[in-house]
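Below: one structure, written as structure tokens.
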Amino acid sequence: MTQIAEVIVDVPTMQTNTPYSYEIPPALVDQLQPGMRVVVPFGNGSRKVQGFVWQVKPDAKPDPDVVLKTIDTVMDPAPIVNAELMQLSDWLAHTTYAFTITCLQTMLPNALKAKYQKWVSPTEQLAANIRQQLFGDQSELLWDDSLSTDTVKQLLALNRQHLITVRYEVSNQSKVKKMMMIKPAMTVSELTAARSSLRKTAVKQATLLDYLIDHRDTISQPDLEHQLKLSSSSLKTGEANGWLTRKAVEVYRDPFQTAVVKTKPLKLNPDQNKAVSAICSATDHEQSETFLLEGVTGSGKTEVYLQAMANALSQGKQALMLVPEISLTPQIVGRVRGRFGKQVAVLHSGLSSGERFDEWRRIQRGEAQVVVGARSAVFAPLTHLGVIIVDEEHEGSYKQEDNPRYHARDVALWRGRYHHCPVVLGSATPSLESRARAEKNVYTRLLLPNRVNHQALPQVTIVDMTEELRHHKESNFSGVLLQALQTRLERGEQSLLMLNRRGYSSFVMCRDCGFVLQCPNCDISLTLHMDTKTMKCHYCGHEEPIPHVCPNCHGHHIRYYGTGTQKVEQELTELLPTARVIRMDVDTTRRKGAHERLLKRFGDHQADILLGTQMIAKGLDFPDVTLVGVLNADTALGLPDFRASERTFQLLTQVSGRAGRASKPGQVFIQTYNPDHYAIQLAKTQNYEQFFGREMQLRHRGNYPPYYFAVKLTVSDVEERKAAEAMVKIVRQLKTILSPQAIILGPTPGAIARVNKRYYYQLVIKYKRESQLDSALFKILGQAQKQSRGGLQIAIDRNPMSFM
DNA sequence: AGCACGCCGACT
DNA sequence: GTCGGCGTGCTC
């Protein structure tokens, strides 16, 4: 009996965002399963695209109107997307307004994305001279972007005349790493005989034979070459002579560079104990309960995670732990690996695509029982989840900023429900959304109020910089902070200095006419980068030399303003010439592994001061750091965003926790121009509860989340008028379906009106219940697709992290 | 997305 | 008269 396969094709458009039916060729009947990738013909030409089998069903009653095409080939021997993840991709597509195909691809490692190639070959009828000109001696020509427009024109014409044929190739990007394994193929006596019949000059072969005589087990070719200082040719000779066999074996790329020390579970304090047993009980009873684990820095949250995970493993289940990308330092991974060893797979952006693919395959094959990773690790194909941990659940990096715009925490909760397992959201400063749900008993609140060693919280001093400015010359360092740094230097202790970069950068301005160098593509000032001696745009990457003469008035009084980490570093070396400083920012951590190397150097006491941006606030645990300085606490406060206070409070609380984690007491200085702001005052005492109460009042008054839901809609176009017009139309359309209770903010031009030559307009809808909103937004997306040829782009972000 | 079809301006 | 420019519509 013939079968039909419903296939989601790799054509990310609104119109094709639906399964297409294909006939299953006889050879594949009863072989093909949902979740396998296939190659299918799609469209007018004979173009081939990749697709995912969505459903297999018997050919019930064929619709005479549509003639089905037949599936070309299968790309996988077994499904690469399991039933759970298929369901999840469907849910994701609906909740994030994304295409199903985009969701499927997001869940898989990049190595599994299709690679498309178009090949042309001559027919018999093609004139010999043209054939020679186009193809030379080759039988096929790759048709890609590298061809000249003239050649493309010529090919198109020839194709119309059927003088050439086009072949579409769909292939895997994935590469399975293979390694040659060497094994002796002769007995010792045979090898000894071969050894004695060698010519005297065959030194290399003699060493090889000696080795084979002494070592009878398998060894990898690179290892052997290294050990015996041989080249591969000697081994090939050995193979030809029948001394040994070489066999290519599939191996995993190993992303772990360092070995870890095995650790044992630590003794828990009563609070930790309570938390662990609550989570374990949910795992044991297969309850999809959500826990909000609230614990100040140093209260031992990680140990709670580890023991909850160990319990899941002991039940024959698996554990997934998400951590924010930025804190995915060897410190955290090391602790998990120290406890669970080889069962751990790691997924984060620092891996190469091959390493990522290999870790993913280990999980897929059930060879890893524990997965630690950043945002996208939430899609790890674990099949028997016993517990899911979301560490630092308030972190903004859990939200993906492009399609599908999902929040890893939401996906984690969905998977928890699917697997009937607990989800643990951990934080010292929970997001207001989560804390509010705990208040309503949607989540179970678990508290770790004490630091494990009963250390006192660091002593926090707020430094009023307006006051400082009056007494001293303009500087990034207040007198008290400088004094404290000096003391640490004398005592041989370490300090962390954080520069809050959000909404802040250094730029150049002409002192005579006030001219500020702008990006030609974006409406934003260029940022000064001393290391490359250039001015860069942080939005589009535009780069140009630093001007010495004002381009506007041709004056010579060009001056640097603002504070970049480089400038602070410079001032620091002038003020404290003996201090050894490590600077950590986007510039110094761009190269792979640079982040880890810098932290290791600091951990090894090769520096006194670690100066950095937000990235130093999280997950660091250096016992000799006794001073933390925040140079500019309030740059984020000035931003017109409802989460500005929350972010500031979280950041300050977190960075303060970095001081004095061991036996030595810590001290924190927060420099600010808003010393009385509640976010800063409450961060000083680490009073999360009071902050929560205060902030919730403000959110309630302003009709902000978590009291209201929000959707952000962004429209962009190279022509400002088109973007504005499209937005006006959208607003009109939305107003007809929205209830009077919904609140529309905007439309407003984007915070940076123009980015990369495109103009942005945006709109935020705040609402409580709008039954028609979803369908209206999908309709808007569909309409926008038609205009997308004109360059119009539209993005819909449900539950945006910011309104900017 | 990418391919074909279809309708208008500048060439042999 | 055609060649080829790109605006439109569709893809099982």
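In what follows, chains carry the letters A, B, and so on, assigned in the order in which the sequence lines appear, proteins first and then strands, with residues in each chain numbered from 1.
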Which residues pass the side-chain contact (heavy atoms from CB on, under 4.5 Å) test with [X], sequence neighbours left out?
X        : value
A:Gln50  : A:Asp10, A:Arg37, A:Phe52, A:Met75, A:Gln105, A:Ala114, A:Tyr116, A:Val170
A:Asp358 : A:Tyr252, A:Arg253, A:Arg361
A:Thr13  : A:Val11, A:Gln15, A:Thr16, A:Gln785

For a quick check of understanding: with a heavy-atom distance under 4.0 Å over all strands, which category does A:Lys48 fall into, base, sugar-phosphate or nothing? nothing

Base, sugar-phosphate alone, or nothing: which one does A:Tyr168 contact when heavy atoms must sit under 4.0 Å apart? sugar-phosphate

Going 5' to 3' on DNA chain B, which nucleotide is the first and which the last to come under 4.0 Å of a heavy atom in chain A? B:dA1 to B:dA4

Per-nucleotide protein contact string for nucleotides 4-12 of chain C, where B marks a base within reach and S marks sugar-phosphate only (heavy atoms under 4.0 Å, - for neither): -S--BBBBB

Contacts of A:Lys399 meeting salt bridge (Lys or Arg N to Asp or Glu O under 4.0 Å) (sequence neighbours excluded), chain-then-number -> A:Asp797

Which residues pass the salt bridge (Lys or Arg N to Asp or Glu O under 4.0 Å) test with A:Arg798, sequence neighbours left out? A:Asp774

What side-chain donor-acceptor pairs closer than 3.5 Å can you find for residues 722-733 of chain A, not counting sequence neighbours?
unit_1	atom_1	unit_2	atom_2	d
A:Lys722	NZ	A:Glu719	OE2	3.4
A:Glu725	OE2	A:Arg721	NH1	3.1
A:Gln733	NE2	A:Gln783	OE1	3.3

Under the ring-ring contact (aromatic ring centres under 6.0 Å, His included) rule, collect the residues that match up with A:Tyr22, sequence neighbours excluded. none

A:Glu84 and A:His419 side chains, donor-acceptor separation under 3.5 Å: yes

